[in-house]
Trainee: 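Mind having a look at this structure? Questions to follow.
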Amino acid sequence: MKALTYQGPRQISYSDVPDPILTAPDSAIIRVTASGICGSDLHIYGGHGFTDKIGYSVGHEAVGEIVELGPEVRSLAIGDRVLVSASAGCNRCAKCRVGIVAACERTPLAIDACYGLGGALPGGQAQLLAVPHAEGNLMRLPEGVSDAAAVVLTDNAPTAWYGARRARIAPGDTVVVIGLGPVGLMAIQSAFAMGAARVLGVDLIAERRKQAAELGAEPVEADDPKLAIREMLGGGADVAIEAVGADATIKLAISAVGHRGRVSVIGVNQNRAYPFHMPLAQVKELEFHIGLCSIQYELPTLLKLTAAGRLRPEAVVTHPIPMSDGANAYQLFDERADGVSKVVLDP
Ligand code: NAD
Ligand code: ZN
């Protein structure tokens with residue numbers, strides 16, 4: 001079969017790789033019908049992945065149809081349309097049983113928990129994908145959820161929803177979303193679905209602020225977003241969601257909220273330490289949330305909201321591209337060219 005593989009910094013290749021086989025009696029194989037490129041894939045693309053290995057298959061946002069099932073899988077059938085949660089759990093430990101897969105007791109290392117990082121799991125930017133512990137890691141798609149929507153639901157949408165949920169967005173709240181990539185755009189949709197009155201969007205790229213405005217957010221058009229947010233809201237926001245993964249944007253999130261404001265960080269920051277402004281946080285009675293999303297936990301809610309048209313994950317997909325053109329697709333997404341938000345590859 002064909003798959004996208006990492007061959008070194010900025011080198012993605014459309015390669016021949018062996019077909020996957022069932023790895024255990026509770027596993028499954030899906031024929032991938034759509035697969036996304038995520039902001040996190042750009043770390044690998046740039047040469048800052050989890051491993052120095054090369055040649056491994058990449059991607060962790062796969063949607064498809066079940067073509068093979070191990071004998072222990074009871075709740076799924078061949079032919080089911082499914083999405084693959086971007087990170088996999090064992091489906092047996094106490095944490096996985098309640099969906100908190102990010103804390104799976106048997107998969108302690110991120111490199112082995114997520115597809116396509118060069119660890120235990122192969123990449124989902126491929127024609128076929130073996131999925132371990134299928135009943136926990138595959139989610140059957142309801143009618144009315146398109147492949148494009150489902151790709152966003154494998155990772156970006158649940159991450160955004162999780163960030164918004166942890167900030168306890170309540171009806172009438174004012175929310176600032178910092179970083180308007182696919183995750184940030186889904187955070188805007190999540191905030192409105194939870195009843196936010198106003199959502200402001202901050203990004204360096206004008207095209208991305210425009211995409212936020214199309215979802216009903218108010219773009220912050222200023223060189224000094226901190227000041228502009230205060231002026232637009234007449235004070236601090238109730239909630240700030242950081243969807244970038246940088247020190248400067250965590251700082252902006254903290255300054256954007258008012259007294260008893262809730263900051264929720266979902267951007268993945270590579271730095272070891274962050275210089276927290278303790279007196280400011282104390283005076284503000286700041287709430288600071290940070291974490292990794294357990295996709296399986298969020299999905300039942302999100303699939304219902306999407307099937308009912310209350311969330312529109314497909315709205316962030318801008319570029320459907322054949323997987324054979326994967327190298328160019330990565331370059332386009334990396335350079336933020338052509339108004340790109342979400343790239344969905346067709347295998
Ligand atoms: P993306 O790279 O497409 O979006 C990031 C956006 O931030 C870009 O539009 C960029 O212009 C903007 N940005 C960068 N610096 C900025 C600044 N100083 N001020 C304002 N905006 C700035 O990525 P994405 O796919 O939307 O993902 C966003 C983040 O979420 C990434 O860090 C990703 O690794 C992370 N993520 C976290 C989880 C989780 O479970 N916590 C899961 C998936 C992804
Ligand atoms: Zn587990």
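This one's a predicted model, so the numbers in the text were calculated from it and none came from an experiment. Ligands are counted one by one from 1 in listed order, and the atoms in each one are counted from 1 as well. For this chain, numbers begin at 1 and follow the sequence in order.
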Trainee: Quick one: which of Leu42, Thr159, Asp334 has a heavy atom closest to atom 39 (C) of ligand 1?
Mentor: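 The option holding the nearest heavy atom is Thr159.
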Trainee: If hydrogens are left out, which of Val340, Ile205, Val183, Asp247 has an atom nearest to atom 24 (P) of ligand 1, that is, the closest non-hydrogen atom?
Mentor: Val183
Trainee: For the pair Ser15 and Thr5, evaluate side chain to side chain donor-acceptor pair (under 3.5 Å) and give the outcome as yes or no after the intermediate values.
Mentor: CA-CA 6 Å; Ser15 311; Thr5 58; 2.7 Å; yes
Trainee: Does ligand 1 have any atom that is closer than 4.0 Å to a heavy atom of Ala248?
Mentor: no
Trainee: Heavy-atom contacts with Gly291 under 4.0 Å: which atoms of ligand 1 show up? List them by number with element.
Mentor: 41 (N)
Trainee: Hey, is Asp173 close enough to Arg262 for a salt bridge, meaning N to O under 4.0 Å?
Mentor: yes
Trainee: Regarding Arg336 and Glu207, does a basic nitrogen lie under 4.0 Å from an acidic carboxylate oxygen?
Mentor: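 No, this pair does not count.
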Trainee: Using 0.5 Å steps for rounding, measure from the CE atom of Met139 to the CD atom of Gln296.
Mentor: 6.5 Å
Trainee: When you look at Phe333 and Tyr45, which way does the ring pair (Phe, Tyr, Trp, His ring centres under 6.0 Å) test go after all the steps?
Mentor: CA-CA 11 Å; Phe333 186 50; Tyr45 184 65; 9.4 Å; no
Trainee: With a 4.5 Å heavy-atom cut-off, do Glu242 and His289 have their side chains touching?
Mentor: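 Side-chain contact under 4.5 Å: no.
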Trainee: At a 4.0 Å threshold, what atoms of ligand 1 neighbour a non-hydrogen atom of Asp155?
Mentor: 42 (C), 43 (C)
Trainee: Charged N to carboxylate O under 4.0 angstrom, Asp238 versus Arg260?
Mentor: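 Salt bridge: no.
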Trainee: Return a yes/no value for Gly179: is any of its N or O atoms, backbone included, closer than 3.5 angstrom to an N or O of ligand 1?
Mentor: no
Trainee: At less than 4.0 angstrom from any non-hydrogen atom of Gly181, what atoms of ligand 1 do you find?
Mentor: 3 (O), 4 (O), 6 (C), 9 (O), 26 (O)
Trainee: Could you tell me whether some N/O pair between Ile178 and ligand 1 is separated by less than 3.5 angstrom?
Mentor: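 Looking only at distances, the answer is no, because the N/O contact criterion of under 3.5 Å is not met.
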Trainee: Evaluating non-hydrogen atoms only, which member of Ala243, Ala160, Ser294, Gly39 is closest to atom 29 (C) of ligand 1?
Mentor: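 Shortest heavy-atom distance from atom 29 (C) of ligand 1: Ala243.
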Trainee: Applying ring-ring contact (aromatic ring centres under 6.0 Å, His included), can you list everything that pairs with Tyr56, at least two apart in sequence or on another chain?
Mentor: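 Tyr56 satisfies ring-ring contact (aromatic ring centres under 6.0 Å, His included) with Tyr6 only.
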Trainee: Any sub-3.5 Å donor-acceptor pair from Arg209's side-chain atoms to Asp203's backbone N or O?
Mentor: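 A pair under 3.5 Å: yes.
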Trainee: Do any nitrogen or oxygen atoms of Gly267 come within less than 3.5 Å of a nitrogen or oxygen of ligand 1?
Mentor: no
Trainee: By number and element, which atoms of ligand 1 are closer than 4.0 Å to a non-hydrogen atom of Ser40?
Mentor: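 Every atom of ligand 1 under 4.0 Å from some heavy atom of Ser40: 33 (C), 34 (O), 44 (C).
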Trainee: Taking the basic N atoms (NZ, or NE/NH1/NH2) and the acidic carboxylate oxygens, is any pair closer than 4.0 Å for Arg92 and Asp26?
Mentor: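 Salt bridge flag = yes for Asp26 with Arg92.
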Trainee: Which atoms of ligand 1 are found less than 4.0 Å from any heavy atom of Ile266?
Mentor: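 Every atom of ligand 1 under 4.0 Å from some heavy atom of Ile266: 30 (O), 35 (C), 36 (N), 37 (C), 38 (C), 39 (C), 41 (N).
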Trainee: Consider ligand 1: state whether an atom of it lies below 4.0 angstrom from any non-hydrogen atom of Ala246.
Mentor: no
Trainee: Please report which non-hydrogen protein atom sits nearest to atom 17 (C) of ligand 1, along with the residue it belongs to and the distance in Å to one decimal place.
Mentor: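 Checking every protein heavy atom, the shortest distance to atom 17 (C) of ligand 1 gives Thr249 CG2, 3.4 Å.
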Trainee: One thing to verify: whether Asp147 and Arg81 come together as a salt bridge, which I'm taking to mean a side-chain N less than 4.0 angstrom from a carboxylate O.
Mentor: yes
Trainee: Closest non-hydrogen protein atom to atom 31 (C) of ligand 1, residue and atom name please, with distance?
Mentor: Val244 O, 3.8 Å
Trainee: Does Asp52, at its CG atom, have more than 12 non-hydrogen atoms belonging to other residues, nucleotides or ligands within less than 6.0 Å?
Mentor: no
Trainee: Considering only the protein, which heavy-atom contact is closest to atom 40 (O) of ligand 1, and what is its distance?
Mentor: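 So the nearest neighbour among protein heavy atoms is Cys293 N, 2.9 Å.
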Trainee: If I take the Zn ion (ligand 2) as the centre, what angle separates the SG atom of Cys90 from the SG atom of Cys96? Nearest 10 degrees is fine.
Mentor: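 It is 110°, given to the nearest 10°.
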Trainee: Go through the steps to decide whether His48 and Gln270 satisfy the test side chain to side chain donor-acceptor pair (under 3.5 Å), and finish with yes or no.
Mentor: CA-CA 10 Å; His48 310 290; Gln270 308 280 355; over 6 Å; no
Trainee: Return the option from Asp203, Leu292, Ile37 holding the heavy atom at the smallest distance from atom 21 (N) of ligand 1.
Mentor: Asp203
Trainee: Give a yes/no verdict on whether any heavy atom in Arg336 is under 4.0 Å from an atom of ligand 1.
Mentor: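 So Arg336 counts as touching ligand 1.
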Trainee: Is Asn156 close to ligand 1, meaning an N/O of one under 3.5 Å from an N/O of the other?
Mentor: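 Not met; the criterion fails.
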Trainee: Given atoms SG of Cys104 and SG of Cys93, what angle do they subtend at the Zn ion (ligand 2), to the nearest 10 degrees?
Mentor: 130°
Trainee: Tell me which protein heavy atom sits closest to atom 3 (O) of ligand 1, plus the residue, atom name and distance to 0.1 Å.
Mentor: Arg208 NH1, 3.0 Å
